[in-house]
Amino acid sequence: MSEIENVVIIGSGPAGWTSAIYAARADLNPLCVIGVPKSTPSIVLPGGQLMLTTEVENYPGFPEGITGPELMAGFQKQAERFGTRILTQDVVSCDFSKQPFALTTSGGETIFTKTVIIATGATANWLGLENEMRLAMGGGGVSACAVCDGALPVYRDQPVAVVGGGDSALEEASYLTKFASEVFIIHRRDEFRASKVMQKRIFDSSKATPVWNKTVLDVLGEDSITGILLKDTETGEESTLEVKGMFVAIGHTPATTFLDGSGIELDDKGYIALHTRSSATNIKGVFAAGDVADSHYRQAISAAGMGCIAALDAESYLVE
Ligand code: NAP
């Protein structure tokens, strides 16, 4: 590591790698702190959420689609080609009170830097049920990632449930129809939030069944899930649905814990608050890009665009 870095990028999804490509090509010699690989998909992973995605069909330039991990490998290769340096650690705390900024890593190192680009993304939310985590650990049949776990033999030709009504839920449900005998989509309302194209895919599938106006009260089963306990949001009636898997897809939470006490302003949803038409945070020299600062669009391509903006903003700041 250099004594004082020009720019440190925290995170390695589309936003992180794109800012690395731009910063490296601007001769800023960026350091990208990519995170430590983890075994649970509920925590931020190196490469970000696309590492948990099979087919990406809406990233321009890949008319036949590309898998998430392949796309991220390409991003990384391109960033490295221009000299991006990589550190496989997590940033655990930040001191933005004075220049140079100080970042402490999980390996106990302190990195000093003139600018920081935060691109740590977001992680999956859970329902918070009594037996959810117990059955999520050790392969009990509860998961927040169908793409990671859905093809396991335990779910083959078995009924499974997906919870949620957004694009993620319907994408996961659609993926699961390849393996499961039936996919129930448990939603707390009577219409999906997901895009029309995703809804059509589900309504056209003979294996997917929406279950409207239901919340999940708990997951049943000792070592593995045998069913889920549901409550009707209109009648209050409780019922049991027998399934061998439950996939939770109810949105994400931005990865900002390491910013506690750093003075970085968050918006009312807990995402990093940005100044209009820029990647600037409330602290000069600290920029943010991608899902950690975007509760609305949250697409790979919009995150990559934000990564580009953050690198250009960091470059202008350094020039000034
Ligand atoms: P989302 O759009 O926020 O949807 C979350 C869903 O979970 C909603 O239907 C919500 O219900 C439900 N939900 C939230 N909390 C719940 C709880 N405690 N209990 C039960 N249900 C709960 O999140 P997302 O689906 O992860 O999508 C996030 C963003 O990424 C969106 O902008 C989406 O378009 C995008 N995305 C795009 C693609 C793609 O284009 N291929 C794929 C995935 C995601 P309500 O509807 O009642 O609020």
Side-chain angles (χ1 to χ4, degrees), residues 13-15 41-42 44-45 48-60 62 64-69 71-72 121-133 136 142-148 150 161-177 183-203 208 210-219 228-234 241 246-255 267-271 290-306:
S42 65
V44 171
L45 304 167
Q49 292 176 73
L50 281 187
M51 299 306 281
L52 310 176
T53 305
T54 42
E55 209 57 21
V56 182
E57 293 178 334
N58 52 11
Y59 201 91
F62 299 92
E64 306 304 325
I66 182 168
T67 70
L71 184 60
M72 283 302 92
T123 55
N125 291 342
W126 294 89
L127 290 162
L129 309 173
E130 197 179 333
N131 289 300
E132 186 181 28
M133 275 303 135
V142 174
S143 165
C145 179
V147 174
C148 320
V162 172
V163 185
D167 277 318
S168 299
L170 269 51
E171 196 171 71
E172 302 231 322
S174 174
Y175 178 73
L176 288 165
T177 58
V183 181
F184 298 99
I185 304 156
I186 317 291
H187 188 35
R188 60 185 178 183
R189 295 187 290 128
D190 64 358
E191 61 177 352
F192 290 131
R193 174 185 295 276
S195 54
K196 293 288 177 242
V197 61
M198 290 304 299
Q199 295 197 32
K200 184 170 182 328
R201 201 170 290 178
I202 288 302
F203 293 138
V211 179
W212 304 118
N213 298 320
K214 298 278 192 291
T215 53
V216 183
L217 290 181
D218 208 356
V219 197
I228 51 181
L229 186 61
L230 300 176
K231 183 176 179 182
D232 192 290
T233 54
E234 292 186 333
L241 182 68
M246 180 179 84
F247 296 86
V248 181
I250 58 166
H252 293 81
T253 300
D267 68 15
D268 54 357
K269 291 180 178 163
Y271 289 72
D291 285 11
V292 74
D294 174 18
S295 62
H296 186 67
Y297 299 105
R298 295 189 282 188
Q299 302 300 302
I301 185 68
S302 52
M306 291 173 80

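As the structure lists them, so they are numbered: ligands from 1, and atoms in each ligand from 1. These numbers were taken from a predicted model, which means no experiment stands behind them. Start at 1 with the first residue, then count along the sequence. When reading the values below, keep in mind they use all heavy atoms of this one structure, side chains included, and skip hydrogens, waters and symmetry mates.
The nearest pair of heavy atoms linking Val216 to Val163 is CG2-CG2, 3.9 Å. Across Leu50 and Ala300, no two heavy atoms sit closer than the pair CD1-CB, 3.8 Å.
Under the rule for a ring pair (Phe, Tyr, Trp, His ring centres under 6.0 Å), Tyr297 has no partner lying at least two apart in sequence or in another chain. Residues forming a side chain to side chain donor-acceptor pair (under 3.5 Å) with Lys231 (at least two apart in sequence, or on another chain): none.
Taken to the nearest 0.5 Å, the CG atom of Leu129 stands 5.5 Å off from the CG atom of Asp218.
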Result block: side-chain N/O donor-acceptor pairs under 3.5 angstrom for residues 183-195, not counting sequence neighbours:
residue	atom	partner	partner atom	Å
His187	NE2	Glu191	O	3.0
Ser195	OG	Asp167	OD1	2.8

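For ligand 1, residues of the protein lying within 4.0 angstrom by heavy-atom distance are Asn58, Leu127, Gly164, Gly165, Gly166, Asp167, Ser168, Glu171, His187, Arg188, Arg189, Arg193, Ala249, Ile250, Gly251, His252, His296, Tyr297, Arg298, Gln299.
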